[in-house]
Amino acid sequence: MSMIRKALAWLLCIPLLAGARAGAAAPGRADLPADSLYRITPLQLRDQDGARFDLASLRGRPVVLGMFYASCQVVCPLQIETLKRLQRALPHALPVVLISFDPAHDGVARLHAVAAEHRVRAPAFWLARLEHGDLDALGAVLGIAWRALPGGGGYSHNVVFNLLDRDGRIAARSDKQDGQDADFVAAAKAMFAAQ
Amino acid sequence: MRTTRCTSLRHGLPGLVLLAVAAATAHADVHYRPLPAAAFRSALAIDGASARIALPAFAMRTEPVTVAEFASFLAQHPQWQRDRVLPLYANADYLRDWQTPTVAGPEFANRQPVTQVSWFAARAYCASEHARLPRWYEWEYAAAADATRPDARSDPVRNQRLLADILRAGGEPPRPIATQPANVYGIADLGSLVWEWTEDYAAMFPNADARVAGGGPVLALCGGSALAFAAKNEYALMLRVAALTALQPIDASPHVGFRCVRDPE
């Protein structure tokens with residue numbers, strides 16, 4: 001009986017050990033730095049193609065994180081173009097994730113339309129909506145705030161980009177509208193140089 | 001209620017029974033009072049014009065959250081104790097003057113409003129009461145009342161007293177709650193003891209950086225411009241907005257506390 005149990009335990013251990021090895025490549029939350037954004041759970045997103053992913057799955061590479069809303073006519077389109085320009089200015093691929101702060105209106109179809117209009121594609125450039133998680137807390141952590149205008153006329157909001165390092169720590173933040181933030185670009189380049 | 005629990009602990013088994021009863025009724029002891037839906041004129045200007053805000057009904061906590069209540073929350077939610085909280089949610093000032101991570105100590109009165117709490121911690125507390133932080137307009141609407149009038153804002157004596165209160169609140173530890181009469185809604189201490197976090201404080205955009213879909217600045221408050229305040233006599237309110245919007249959500253000031261609100265069921 002106990003032999004069988006031991007044998008069973010061994011059998012069960014094999015996938016567990018395999019899992020532990022896989023875990024070394026994609027570690028859980030336990031070894032994240034205390035100030036990592038990936039410690040905030042759950043933050044489950046859905047992108048412009050309908051694909052679901054957890055924000056923490058971005059771990060392992062630098063990424064730019066911002067927020068927007070799809071029906072925004074002036075600032076948000078500019079924001080997307082600014083970030084495309086930033087991506088072109090860098091020697092390595094730097095993925096961008098823009099999360100809608102208006103998920104009630106910004107479904108997948110709408111995100112898809114905006115992505116098509118600006119010719120951006122995942123996994124280089126995600127437009128995403130939060131499916132599960134605390135949107136207000138995420139905004140506060142990112143230094144992004146928005147306020148619905150009375151009468152349903154859109155939002156008053158700020159525009160802030162955050163550069164996350166591979167462990168989800170905020171390494172740089174920019175509120176420059178023209179993408180000419182030298183400190184932000186330098187921080188991104190330094191991050192690639194360190195890899 | 002906290003006093004009852006502490007006393008009862010000294011009396012053995014009957015005390016434990018009392019403790020269990022007290023724990024079961026912890027939330028029942030907290031009072032929320034309903035405020036009716038209203039068309040409220042905010043003192044904050046939007047596009048240079050006084051804003052008339054359609055506010056749905058809500059219920060507000062009659063008193064700010066106290067030191068004793070927050071200590072009880074920390075015991076039940078240890079992830080919010082100052083030595084365990086994520087640095088994304090609170091800076092080093094968070095409950096810094098407490099004697100231990102769970103005990104405020106003799107410097108604090110139990111009936112004193114809790115301060116030195118971050119916006120994130122205040123939200124978490126409210127969630128534990130099945131509530132949320134008030135939005136700015138809700139807070140402003142409730143605070144416009146005094147003991148006899150739903151809108152006392154045109155009374156210069158009242159405004160002068162609020163100004164004196166807010167100036168004093170910046171210089172000394174908060175006084176105990178509920179020593180002054182509650183307002184017509186049954187809500188006490190609004191605008192008199194501490195600054196209070198609001199859910200949307202970060203979106204009030206006090207500087208020219210505020211943006212809107214159409215382009216121009218929408219809420220330009222206090223940044224050298226009283227014009228953004230439709231009601232220029234409400235200097236205390238302007239001070240309040242200026243102080244709040246200068247804070248980061250991880251900041252924990254000795255003068256900023258909070259209370260919670262609930263949506264109608």
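Given the structure is predicted, the values throughout are model-derived calculations rather than measurements.
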- request: Sort Ile144(A) into side chain, backbone, both or neither according to what part of it lies under 4.5 angstrom from a heavy atom of chain B.
  value: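 For Ile144(A), neither part sits under 4.5 Å from chain B.
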task: Assess Arg147(A) against Tyr201(B): is NZ or CZ under 6.0 Å from the centre of the six-membered ring, and within 45 degrees of the ring's axis?
output: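 Verdict for Tyr201(B): no cation-pi partner in Arg147(A).
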Can you give me the closest heavy-atom contact between [X] and [Y], atom names plus distance?
{"X": "Ala140(A)", "Y": "Pro249(B)", "value": "O-CG, 3.7 Å"}
{"X": "Trp146(A)", "Y": "Ala203(B)", "value": "O-CB, 3.2 Å"}
{"X": "Val141(A)", "Y": "Tyr89(B)", "value": "CG2-CE2, 4.3 Å"}
{"X": "Ala145(A)", "Y": "Ala202(B)", "value": "CB-O, 3.4 Å"}
{"X": "Phe120(B)", "Y": "Ala137(A)", "value": "CE2-O, 3.7 Å"}

message: For a side-chain contact (heavy atoms from CB on, under 4.5 Å) check, start with the C-alpha distance between Leu86(B) and Asp35(A), then their side-chain angles and the critical distance, and finish with the verdict.
response: CA-CA 7 Å; Leu86(B) 289 182; Asp35(A) 53 352; over 6 Å; no
message: Holding to side-chain hydrogen bond (donor to acceptor under 3.5 Å, both in side chains), I want the full list of residues that pass it with Glu199(B), two or more places apart in sequence or in another chain.
response: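 Once residues adjacent in sequence are excluded, the partners of Glu199(B) under the side-chain hydrogen bond (donor to acceptor under 3.5 Å, both in side chains) criterion are Arg123(B).
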task: Working to the nearest 0.5 Å, report the span between CD1 of Ile170(A) and CG of Leu88(B).
output: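 One gets 6.5 Å once the value is rounded to the nearest 0.5 Å.
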message: Is it the case that atom CZ in Arg149(B) sees more than 12 heavy atoms from other parts of the structure closer than 6.0 Å?
response: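 Yes.
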- request: State whether the number of non-hydrogen atoms from other residues, nucleotides or ligands found under 6.0 Å of His112(A) atom NE2 is greater than 12.
  value: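 It does not: His112(A) NE2 has 12 such atoms or fewer within range.
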